[in-house]
Number of protein chains: 2
Amino acid sequence: MKSMNLFLRNRTVAKLSDVERARLEQAVTDRRRLPARATLLERGEALSHSTMLIAGFMIRYIDDLEGRRQIVAFHVPGDFVDLHGYPLKVLDHSIATLTQAQIATVPHAALKRLTDNDVEFARKLWASTLLDASTHREWLFRLGRLDAAGRVAHFLAETNARLGAIGLSDGTGYDLPITQTDLSEITGLTSIHVNRVLRMMREERVCTFRSSRVEIADLERLERIAQFDPTYLYLEADVAGTQSLDKEIRHG
Amino acid sequence: MKSMNLFLRNRTVAKLSDVERARLEQAVTDRRRLPARATLLERGEALSHSTMLIAGFMIRYIDDLEGRRQIVAFHVPGDFVDLHGYPLKVLDHSIATLTQAQIATVPHAALKRLTDNDVEFARKLWASTLLDASTHREWLFRLGRLDAAGRVAHFLAETNARLGAIGLSDGTGYDLPITQTDLSEITGLTSIHVNRVLRMMREERVCTFRSSRVEIADLERLERIAQFDPTYLYLEADVAGTQSLDKEIRHG
DNA sequence: CGACACGTTGAGATATATCAAACGTGGTGG
DNA sequence: CCACCACGTTTGATATATCTCAACGTGTCG
């Protein structure tokens, strides 16, 4: 599989041309497989290349004093996991795999070469890092304004939409081989409480999360519980099985 | 006052040269004053220019279904409030003033002109938007892992450090003309609980927040309660009155 | 088969929210 | 200059969501 096939797939901003995609592809110097739950980068390390996720799931996280981690980003195939490390040079967080993963590496020198000659391309890469920032903001909304059920539902709805955009969800379910503890580190809850929320969702026939798979029984209700409005993902309108709320509701 | 004087002041990344600063200054087409609590931009609006905050405080926020807002970013003088609107074109959140504010406007056409001819400068602007993303991530940590006292303390410690970098805090106190309700919308708490936390901080002689002013009695304790580690701000080492934790503690 | 990681459940503790009311205080109009 | 109003702050009593601790269940893999 080409590494860059999924990058910015079905996004409304920063759409890459075939030429740009090919150039990025050529800049890949290394492809490899990472085991599950492996740390790729520690907070504070200097970077000389960036990582494209081709298959599997990765996270970015920050630890507190007791070593409990807060996951601040969740990555799906096609995500340029640490492209922001190119302009920033040092990262303020760590990066790890959640599942076994396949990655491709692009040296910063190559990115420099590509962007020095092509302002438009540089602007697209810039925009792609801002999509991550947009997702950060929605996560802030999630943690600051939603209760436990809303947070879990929001993550499941968001992941459904993102996976839909890359062909890994048809809107009725998707594979998600992560633990309830991972989910708790994403949602700022305890794994025990996540478990109770999941039971409630199962009993209420909203969705199930069992043996590494999410089955969505009632997408509309899931997204309502989550107050999910996919605007922030900048996805093409027809992508994914997302019902989405009538925009007026949220904007009203 | 020159609009761009404070932009990226005392940051370790994306430091601007005098020439770059002057060019940005020349790109300013408009300066004006905004009243307190005025909305500058609504989520979803298309943008043709970006806003530099010169004086006062502004926020970016997302509303939930009941119209309660979650503040996702807090801006101090010298911040390019919506530079990310240049590559993104449409924003996923709203922007408003908290206090009376003074702003300068830079048209996107001018930004295009400046960056088309200067790749290095473009990369710096890119990096500056990534500093915001870094702050978003720390806020996720704050909401996901800290209790009420920690969250309030974290915001006060962060603001102390950021204001220190632009000469508006000497580490013992600073002006912060916002309400406890604003604070609650930043920290994801109720204003009543924020009030109780503030009382505790006052009684414990950590800091006071009264009549629009923060007085820090014990910065080290404030930062410990907040688990505050300013790495994510990418500030010059000697700036601000921040004590900061020994890095080893947090990284361990 | 046993070990280990992950999931599930219950009982009780605790942090934070909610509801209600009183208290400043600065600004405005009479 | 006073009276009043609006807004923000403060406090108390009570409700509730989530956490903590502890135990038990279940599937997978060596």
Asks: Between atom CG in Leu198(B) and atom P in dT10(D), what is the gap in whole Å?
Replies: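 In whole Å, dT10(D) P lies 8 Å from Leu198(B) CG.
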
Asks: Under 4.0 angstrom, heavy atoms only, what part of the nucleic acid is Leu189(B) near: base, sugar-phosphate, or nothing?
Replies: sugar-phosphate

Asks: Just how far is it from atom CZ of Arg145(B) to atom CG of Asp63(A), taken to the nearest 0.5 Å?
Replies: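 These two atoms lie 9.5 Å from each other.
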
Asks: Please state whether the rings of Tyr232(B) and His154(B) are parallel, tilted or perpendicular, taking 30° and 60° as the class boundaries.
Replies: parallel

Asks: Starting at CZ of Phe209(A) and ending at C1' of dT8(C), how long is that distance when rounded to a whole Å?
Replies: 14 Å

Asks: Would you mind reading off the distance between Glu203(B) atom CD and dT10(D) atom C1', rounded to a whole angstrom?
Replies: 12 Å

Asks: Would you verify whether the NZ or CZ of Arg69(B) falls within 45 degrees of the ring axis of Tyr61(B) while also being under 6.0 Å from that six-membered ring's centre?
Replies: yes

Asks: Give the rounded distance in Å between these two atoms: CZ of Arg145(A) and P of dT16(C).
Replies: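 These atoms are roughly 15 Å apart.
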
Asks: If you compare every side-chain N and O of Arg199(B) against the phosphate oxygens of dT10(D) (OP1, OP2), does one of them come in below 4.0 Å?
Replies: no

Asks: Rounded to whole angstrom units, what separation is found between the CZ atom of Arg210(A) and the P atom of dT28(D)?
Replies: 13 Å

Asks: For the pair Phe74(A) and Phe57(A), name the ring-plane relationship: parallel under 30°, tilted 30 to 60°, perpendicular over 60°.
Replies: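 Rings of Phe74(A) and Phe57(A): parallel, as their planes differ by under 30°.
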
Asks: Could you give the CZ-to-P distance, from Arg37(B) to dA6(D), as a whole number of Å?
Replies: 18 Å

Asks: Given dT18(D), dC6(C), dT16(C), which nucleotide is nearest the side-chain atoms of Asp147(A)?
Replies: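 Side chain of Asp147(A) sits closest to dT18(D).
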
Asks: OP1 or OP2 of dC7(D) versus the side-chain N and O atoms of Gln180(B): is any pair under 4.0 Å?
Replies: no

Asks: Could you tell me whether the side chain of Arg196(B) has a donor or acceptor atom within less than 3.5 Å of a complementary atom in the base of dT18(C)?
Replies: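 When only heavy-atom distances are counted, Arg196(B) does reach the base of dT18(C) through a donor-acceptor pair under 3.5 Å.
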
Asks: Which residue is it: Asp82(A), Asp132(A), Asp92(A)? I am looking for the one with a side-chain hydrogen bond (donor to acceptor under 3.5 Å, both in side chains) to Arg60(A).
Replies: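 Passing option: Asp132(A).
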
Asks: To the nearest Å, give me how far apart NE2 (His193(A)) and P (dC21(D)) are.
Replies: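 Checked: the NE2 to P distance equals 17 Å.
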
Asks: Roughly, in whole Å, what's the span from CD1 in Ile192(A) to P in dA17(D)?
Replies: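 To the nearest whole Å, that distance equals 18 Å.
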
Asks: Does OP1 or OP2 of dC19(D) have a side-chain N or O of Thr190(A) closer than 4.0 Å?
Replies: yes

Asks: With respect to the phosphate group of dG7(C), does any side-chain polar atom (N or O) of Asn195(A) fall under 4.0 Å of OP1 or OP2?
Replies: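 No.
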
